[in-house]
Protein chains: 2
Amino acid sequence: MKMRSDWKGCPIRFAAGEIGDAWTLVLLRDLMLKGKRHFREFLEEERAATNIVADRLSALVDAGIILREIDPARRNQVNYTLTTKGCDLVPAFLALIDWSARYDPETEVPEEFSSEYRADPEAMALRIIRELCQVD
Amino acid sequence: MKMRSDWKGCPIRFAAGEIGDAWTLVLLRDLMLKGKRHFREFLEEERAATNIVADRLSALVDAGIILREIDPARRNQVNYTLTTKGCDLVPAFLALIDWSARYDPETEVPEEFSSEYRADPEAMALRIIRELCQVD
């Protein structure tokens with residue numbers, strides 16, 4: 001579902017248009033928390049359809065949330081990585097994980113996650129962003 | 001798009017299945033930040049299709065994120081309100097708003113929002129949850 005192009009000015013509309021899609025959230029999780037970088041890796045775990053993964057990656061590239069680059073060491077290999085804009089979604093993802101940990105009986109969040117997050121969510125987000133994006 | 005029912009155990013999958021949809025995010029914004037409670041109000045601003053709004057509200061009721069109740073004062077009026085589970089999405093929504101404020105040139109977030117959020121996101125989330133859900 002595409003948001004209307006005249007839905008401008010509202011931050012939730014903007015976020016909904018850029019990442020308001022279940023597959024997009026799962027792909028961002030793979031990049032942010034599972035260290036996945038390659039197209040075939042995104043297909044593995046959830047048995048996602050190739051065209052869906054290709055479509056969502058392409059939209060994320062267009063939105064400047066991820067970067068698509070040829071691997072310098074292996075010229076026929078494409079790497080996907082989060083941009084700074086993508087890394088800055090970490091606080092929202094941590095909040096969603098904490099929410100699911102509270103409300104999904106199936107979700108198994110490690111105790112270390114919950115204790116670190118609930119003690120200081122901002123510090124945890126910064127730690128992960130530093131690791132992901134090598135920024136200060 | 002429905003997530004596969006065997007996608008269990010991952011908190012981002014869970015959140016993606018429950019709120020990973022652009023219209024759902026916009027409806028939750030209406031309930032959380034715009035004080036909307038009635039079906040016709042959800043249709044107004046974004047010119048959403050009736051069947052989409054009905055479908056998404058119904059899914060949110062099924063997920064226990066919102067409550068559908070007959071208005072005690074006007075028996076032919078239905079009110080939608082956030083449950084505690086729905087109110088507990090506030091931290092994720094604030095994080096998304098802050099992200100959009102950083103990255104969407106069209107987004108106009110009041111300076112009071114950004115300064116309160118960046119000073120102490122947890123305190124701001126708690127303040128809003130208290131107002132929304134009348135909980136301590």
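Just so we're clear, the structure is a prediction, and the values are computed from it rather than from any experiment. Chain letters run A, B, ... following the sequence lines, proteins first, then strands; residues in each count from 1.
Using a cut-off of 4.0 Å between Lys/Arg side-chain N and Asp/Glu carboxylate O, A/E131 and A/R127 are scored as salt-bridged. The pair B/E18-B/K85 meets the salt-bridge criterion, with a side-chain N (NZ, NE, NH1 or NH2) lying under 4.0 Å from an Asp/Glu carboxylate O.
By number of non-hydrogen pairs under 4.5 angstrom with chain A, the leading residue of B/T24, B/L89, B/I97, B/D98 is B/L89. Top candidate by heavy-atom pairs under 4.5 Å with chain A, chosen from B/P105, B/A125, B/A95, B/S100, is B/S100. Counting heavy-atom pairs closer than 4.5 Å to chain B, the top-ranked of the candidates A/L94, A/D88, A/V90, A/L96 is A/D88.
When each of A/L31, A/D71, A/T81 is paired with A/R37, the side chain to side chain contact (heavy atoms under 4.5 Å, CB included) condition holds for A/T81 and for no other.
Relative ring orientation between B/Y117 and B/F113 is described as parallel, the plane-to-plane angle staying below 30° on a 0-90° scale split at 30° and 60°.
Heavy atoms closer than 4.5 Å to chain B are found in the side chain of A/I19, but not in its backbone.
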